[in-house]
Every structure is written in structure tokens, then in C-alpha cells.
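Computed from a predicted structure; not experimentally measured. Numbering of ligands and ligand atoms starts at 1, following listing order.
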Amino acid sequence: MSDSCPGSVSSGAAALPVLDLRELEIPERRAAFLAELGRAAREIGFFYLIGHGVPAEKFVRIEEVSRRFFALPDEEKLAIGMANSPHFRGYTATGHELTRNRPDRREQIDIGVELPALELGPGDPVWKRLQGPNQWPAGLPALREVALDWSATLRQVAIRLLRAFAQALEQPADALDGLIDKTPAQLLKLIRYPGSSDPALRQGVGAHKDAGILTLLHQDHHGGLQVERPEGWIDVPPIEGAFVINIGEILELATNGYLRATMHRVVTPPEGVVRYSIGYFLSPSLEGSVPLLPLPEHLAKLALGPESDPENPLFREIGPNAIKGRLRSHRDVAERHYPEQYAALDRFDRR
Ligand code: OGA
Ligand code: NI
């Protein structure tokens, strides 16, 4: 992370490959597509996806409902504040989410799989509380239908990609299905970045890696997303109708670092500009642990190894890691619903 040298940002759509998912279904293009997919995900961890088949009218509907949501009066948004939800669902006002302990300048709503909360006893692991219902704004009933439809549509695209990744790694197409075949998990975030020219407010979202399997991002036409490369931060300018796809830490872990979860961030738009984005995060089912794919020798020798500590026994367990990440990012939820873990968090972070 090099906040100290903003001059190192370079521009170029050309820096990120553009992949066309239709090629996966064309027998004579398939091998080239898989090779390109594997390379993009290994060398950069980010690429654009076109030919994904999501109809233009679905983009229009989700964009429109997102703008209507953020235009609701503050009281209506705060009424579904995430602090109400032990399942980490709902609205987060600007400055209330932390990345590396610093506040992000964005407001957002987090929407997960719509499932009832589990009935839990004292002996149950704490991560089981992540499952539960979403919070919906009373004044915008369309949000529920449009958001759940968008999530269901993008889940299918994400799963097609996951299976393509397995094949790009010379594994059976279903080699990674164990990550998603138990209780489904995912996160949809509608996000709004308000502009500012105050240099102290540059962090739209701070540099981070995504925690899940894969992310499909739909950004509006304003730009601001940046990806870390060896030469510095590069811009990821919007391409109309294309998703920006990136690898999450789970896929990095499953491939021993062959596929890369790359650092990225969003720079606050200039004063007077508002940027909207919509992130769909395919998450692993909380039960179980991340498998390690048996890569063939010629691929295994290119794997970088995961960056976190493989000696940590909790490392591959999905549920405990998922709750840890959520507690760190959303202190108000932690304090209200997880007081014991909150106390431990503070000790850790105040070191
Ligand atoms: C994220 C993220 C990028 C964006 O929410 O994890 O990286 O453009 N968002 O909003
Ligand atoms: Ni991200």
C-alpha cells in the first residue's frame, strides 16, 4: 500500500484483460479462454468480463433501485442500520465501516442470502449467527425483489466462472463445488461514494483483499477503483456492460496462492461527483474448510503460497474466519451483539 506516493497511479484499461464468457461455450475457443482466464487470475487477480449474458434491463433495474435506496431519508436508512443485525445485514452510514482501522468514506447496504436465523444453544459456534434474515427499508419494497433477483442471476455467472477456474487449473469442473454446495452464502453490497476534495477524505474504501471466493463488480461510469500492481496503483476504468471480476482470499487459499487475491481500493470521487457501485461476493458455505487443490507439478511450481500464516490451525476453517472479518469491519455490530469477541478484538487492535 503506497498512499504516500499517489503519483505512482497509472491509467490503462489495457492493463487488465477483457474476457468474453461466450468463448467458454465455443469448442474451438474454449482452450484459449481457459488459458487466458488462468493467466489473468494468476498474474493480476483482476479482469473484465463481457459476454456474461446478464440482460441490460437487469442492470437498469438494480442501478435504479440503488439510487432510490440511497435517496431515502436518513431516518429510513438508519432504521435498518447494520447495528440492529447480529447477521451483519443492513445499512452502514458513511464513516462507520473500517478498513485497516480507518473509516471508509462510503455508505452501503449489505444483503445476504435470505434465510431464517438458526436456533442456537450456548455450545454452538459463534459463526452460526451469521445466518439470518436481511433488513429491508419500509419505504422501498422493490429493493427486496430486485436485489434478490440480481443476486440469483450473478450467482449463476459466478458459479460458471468457478467451474471454469477449476478447469483452467486442470481439475474436474466440479473440483471447487465443495465450497458452495452446503448452505449457500453470498453478499450483495449496494454502495455510494460521495465526492470530496478534502485530501483527508481520499479513502473511499481502503486497500484490501476480498475475503470470499470471487467478486463481480458493476461500477458506474465515474471510475475510482484501483488495483495494486508491482509498478504501483493502476486505475480500473469502467467499461460499459462489463463486470470487473476479482479473486478472493478463499480461492487464493484453495490454490496455494496460484490464483491471486489482489489488493484494491477506491479513491473518493471529486467534490460534486457521486459514484455508485454494486458488488456481488460469492462466499463459501460457512460449514467446513477450504480444500487444497492438487495442482499438477507444472502449475504447482508457479504457486506463490498464501500470504497468511498456514501454521494457524483455524486458517482453513470457513465459519471462524468469516466472523472474524465481519467483527473487525463492523465494530458497532460487534459491540452490541458479540460483546465477548468485541473485548478480545479491542485488545488485539490496540497493541
Ligand atoms: C469492495 C470493493 C469496489 C467498488 O466493496 O470490496 O472493493 O468499486 N468495492 O466499490
Ligand atoms: Ni473489494
Output field: ring centroids Y338/F88 closer than 6.0 Å: yes

Can you list the atoms of ligand 1 that are under 4.0 Å from a heavy atom of [X]?
{"X": "R106", "result": "1 (C), 5 (O), 9 (N)"}
{"X": "H264", "result": "7 (O)"}
{"X": "I191", "result": "5 (O), 10 (O)"}
{"X": "H208", "result": "1 (C), 2 (C), 6 (O), 7 (O)"}
{"X": "F281", "result": "1 (C), 5 (O), 6 (O)"}
{"X": "Y193", "result": "3 (C), 4 (C), 9 (N), 10 (O)"}

Student check: side-chain heavy atoms of L161 and L214 closer than 4.5 Å: yes

With the Ni ion (ligand 2) as the apex, the NE2/OD1 angle for H264 and D210 - to 10°: 90°

Q219, any N or O under 3.5 Å of ligand 1 N or O: no

Backbone or side-chain N or O of K189 under 3.5 Å from ligand 1 N or O: no

Can we say [X] and [Y] salt-bridge, meaning some charged N sits less than 4.0 Å from an Asp/Glu carboxylate O?
{"X": "D198", "Y": "R105", "answer": "no"}
{"X": "R129", "Y": "D124", "answer": "no"}
{"X": "E25", "Y": "R160", "answer": "yes"}
{"X": "E36", "Y": "R29", "answer": "no"}

Residue-ligand contact R275/ligand 1, heavy atom below 4.0 Å: yes

R265-Q226 side chain donor-acceptor pair, cut-off 3.5 Å: yes

Residue part near ligand 1, for T215, under 4.0 Å between non-hydrogen atoms: neither

Residue selection (non-hydrogen contact nearest atom 3 (C) of ligand 1) among V266, D220, N246, I278: V266

Ring geometry between F46 and H264 (parallel below 30°, tilted from 30 to 60°, perpendicular above 60°): perpendicular

